[in-house]
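Below, chain A is the first sequence line, B the second, and so on; all start at residue 1.
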2 protein chains.
Amino acid sequence: MSAPPTTDTKTLILDAAEILFVEKGFEGASLRSVVAKADVNIAAVHYHFGSKESLIQAVLARRLEPINRERLERLAILRKDTPKGELQLEDVLRALFEPAFRMAGSGAPGSNDIVRLIGRIFSEPSHSLQLFLRDRFREVFDNFTSAFREILTDLPDLDFYWRIHFMLGAMCHTLCDRERPVLLSGGVCDVESQDEVLEQLVAFVAGGLRAQSTGKKRLS
Amino acid sequence: MSAPPTTDTKTLILDAAEILFVEKGFEGASLRSVVAKADVNIAAVHYHFGSKESLIQAVLARRLEPINRERLERLAILRKDTPKGELQLEDVLRALFEPAFRMAGSGAPGSNDIVRLIGRIFSEPSHSLQLFLRDRFREVFDNFTSAFREILTDLPDLDFYWRIHFMLGAMCHTLCDRERPVLLSGGVCDVESQDEVLEQLVAFVAGGLRAQSTGKKRLS
DNA sequence: GTCTATAGAACGATAGAC
DNA sequence: GTCTATCGTTCTATAGAC
């Protein structure tokens with residue numbers, strides 16, 4: 001309640017950069033376009049962040065940190081409230097997806113943009129960014145992979161890891177593009193409804209994860 | 001047999017641009033880096049392609065055209081060889097996926113790179129590129145959507161279109177990143193085996209498409 | 001912490017000779 | 001069809017005054 005209503009330069013820069021990175025990509029958006037939108041001086045970016053790459057990481061970290069923390073918290077709560085060996089696949093999927101998708105419906109400024117950015121980060125070609133993300137996601141990945149492994153006990157390792165990969169693909173693609181489902185479906189899909197997209201994604205991915213194994217490595 | 005063994009400038013530029021676009025992204029790769037790699041003059045790019053944007057479209061069109069043509073051919077053959085109403089989901093999925101994934105195993109120079117580029121195009125922020133792609137994919141999308149609709153007769157429209165979207169996400173993400181499955185699985189997944197990834201993807205997507213409807217719109 | 005000014009390099013694009 | 005030369009712009013980054 002005592003937080004000052006004025007927004008400091010650092011936040012102004014982060015907000016502007018976030019929107020422009022979504023619209024133009026990390027390479028396509030220049031620092032100059034960022035400071036123009038934020039209405040601050042170009043030198044302020046280097047003072048507060050040091051370089052464009054550090055700004056990119058700061059933009060991502062600001063959003064990813066609370067999302068990934070909530071994911072881990074929700075998984076921990078699930079584990080606490082569930083008897084050993086009775087984790088439900090759909091519950092774990094919701095714990096993983098919902099923190100990211102909910103942000104799009106939060107109404108916060110730029111919140112509808114940032115999910116698109118989060119969906120796109122895994123397909124960014126920059127090596128340094130990929131290393132940065134690997135660190136940021138390691139804990140979430142390890143914990144959720146363990147949970148899924150406990151549930152999908154009958155699945156061979158080969159099938160299991162491929163399907164984890166496909167699941168991430170469906171999630172990222174859906175975060176990334178909020179318009180295509182509406183266009184392709186002629187308006188049937190409602191991208192404004194976070195519950196709709198979440199439940200649809202959970203149903204699809206759960207079906208994919210539970211599909212019968214191809215069994216290629218089970219002939220031995 | 002009478003094709004000259006020398007590679008013309010236009011092809012040299014396309015080959016170099018393709019690889020650099022994969023490594024650095026469309027914005028991150030400059031025309032100057034392209035001509036340096038192709039060992040041609042900077043002016044040659046503008047002579048042959050007119051602009052960087054036209055070069056990007058030419059790079060994509062060269063690979064997408066044969067892939068999408070093969071997709072349509074395979075679907076047409078499937079329809080011809082299958083009695084009405086008996087199309088198999090897995091067969092249609094293979095007709096859609098295989099032409100793209102096979103390219104990675106073709107051994108042709110740069111073929112392992114271009115699939116990553118194809119996987120990434122849908123998450124590119126450029127509006128003009130999205131319009132270009134919409135045109136290039138319309139026929140494939142319409143034909144395959146019809147085929148899927150004939151097979152998944154029990155699925156409400158809402159679920160159907162969402163799942164088409166999720167399917168594209170799993171496909172693009174898998175094309176895009178040829179390394180992550182190997183890393184995440186500790187070497188269990190073999191990204192060199194095109195058959196393995198194809199069959200795994202078909203099994204996952206088929207399971208997702210066939211999952212029970214969430215039924216939210218079936219209460220009426 | 002914010003500003004002006006500018007360095008120093010890279011960018012896409014073009015003109016015109018050959 | 002390919003070249004050199006260069007235009008005009010934009011880029012990231014920094015130095016130094018306030």
Side-chain angles (χ1 to χ4, degrees), chain A residues 3-62 117 124-132, chain B residues 3-62 117 124-132:
Chain A
T6 56
T7 313
D8 64 5
T9 301
K10 209 165 173 174
T11 306
L12 286 172
I13 293 171
L14 287 172
D15 290 343
E18 183 169 282
I19 294 172
L20 285 167
F21 287 154
V22 172
E23 288 174 359
K24 309 277 191 181
F26 294 124
E27 295 280 350
S30 68
L31 289 184
R32 298 177 119 85
S33 66
V34 169
V35 299
K37 190 178 191 72
D39 199 26
V40 301
N41 193 275
I42 177 83
V45 175
H46 291 95
Y47 176 79
H48 286 288
F49 300 97
S51 69
K52 184 178 182 179
E53 183 168 330
S54 298
L55 173 62
I56 293 172
Q57 297 186 356
V59 165
L60 291 175
R62 180 174 66 149
L117 196 58
E124 281 291 327
S126 158
H127 285 135
S128 58
L129 190 56
Q130 286 302 318
L131 289 177
F132 169 80
Chain B
T6 57
T7 313
D8 63 5
T9 301
K10 208 165 173 174
T11 305
L12 286 172
I13 294 172
L14 286 172
D15 289 343
E18 181 169 283
I19 294 172
L20 286 168
F21 287 155
V22 172
E23 288 175 1
K24 310 277 190 180
F26 295 125
E27 297 280 351
S30 67
L31 290 183
R32 297 176 124 84
S33 67
V34 169
V35 299
K37 191 177 191 74
D39 198 27
V40 301
N41 193 274
I42 177 84
V45 175
H46 290 95
Y47 175 79
H48 286 288
F49 300 97
S51 70
K52 185 178 182 180
E53 183 168 331
S54 298
L55 172 62
I56 293 172
Q57 297 186 355
V59 166
L60 291 175
R62 180 174 65 150
L117 196 58
E124 281 292 327
S126 158
H127 285 134
S128 57
L129 190 56
Q130 287 303 318
L131 288 178
F132 169 79

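- C/dT2 atom P lies 8 Å from atom CD1 of A/Ile13, rounded to whole Å.
- An OP1 or OP2 oxygen of D/dT2 is reached within less than 4.0 angstrom by a side-chain nitrogen or oxygen of B/His48.
- The side-chain contact (heavy atoms from CB on, under 4.5 Å) check on A/Leu129 picks up A/Phe26, A/Ile56, A/Leu60, A/Glu124, A/Ser126, A/Phe132, A/Leu133, with sequence neighbours excluded.
- Going from atom CG of A/Leu12 over to atom P of C/dC3 covers 11 Å, rounded to whole Å.
- Residues satisfying the side-chain contact (heavy atoms from CB on, under 4.5 Å) test with B/Leu55, not counting sequence neighbours, are B/Ile13, B/Leu14, B/Ala17, B/Phe21, B/Leu31, B/Val45, B/Phe49, B/Val59.
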Using atom names, set out every protein N or O paired with an N or O of nucleotides 6-11 of chain C below 3.5 Å, distance rounded to 0.1 Å.
residue : atom : partner : partner atom : Å
C/dC11  : OP1  : B/Ser30 : OG           : 2.6

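- Here the shortest heavy-atom pairing between A/Leu20 and A/Ala29 reads O-CB, 3.7 Å.
- By the side-chain contact (heavy atoms from CB on, under 4.5 Å) test, A/Asp8 pairs with A/Lys10, A/Thr11, sequence neighbours left out.
- Per the geometry, CZ belonging to B/Phe49 stands 15 Å off P belonging to C/dG12, to the nearest Å.
- Between the P atom of C/dA15 and the OH atom of B/Tyr47 lies a distance of 15 Å, rounded to the nearest Å.
- Partners of B/Arg62 by salt bridge (Lys or Arg N to Asp or Glu O under 4.0 Å), not counting sequence neighbours, listed by chain and number: B/Asp15, B/Glu18.
- Between the C1' atom of C/dG1 and the CG atom of A/Asp8 lies a distance of 11 Å, rounded to the nearest Å.
- Look at A/Thr9 and you'll find a side-chain N or O under 4.0 angstrom from OP1 or OP2 of C/dT2.
- Distances shorter than 4.0 Å separate some side-chain N or O of A/His46 from OP1 or OP2 on D/dA13.
- Residues satisfying the side-chain hydrogen bond (donor to acceptor under 3.5 Å, both in side chains) test with B/Glu53, not counting sequence neighbours, are B/Ser128.
- A/Ala44 comes within 4.0 angstrom of no nucleic acid atom, judged by non-hydrogen atoms across all strands.
- The A/Asn41 side chain lies nearest to C/dT4 when the options are C/dT4, D/dT4, D/dG1.
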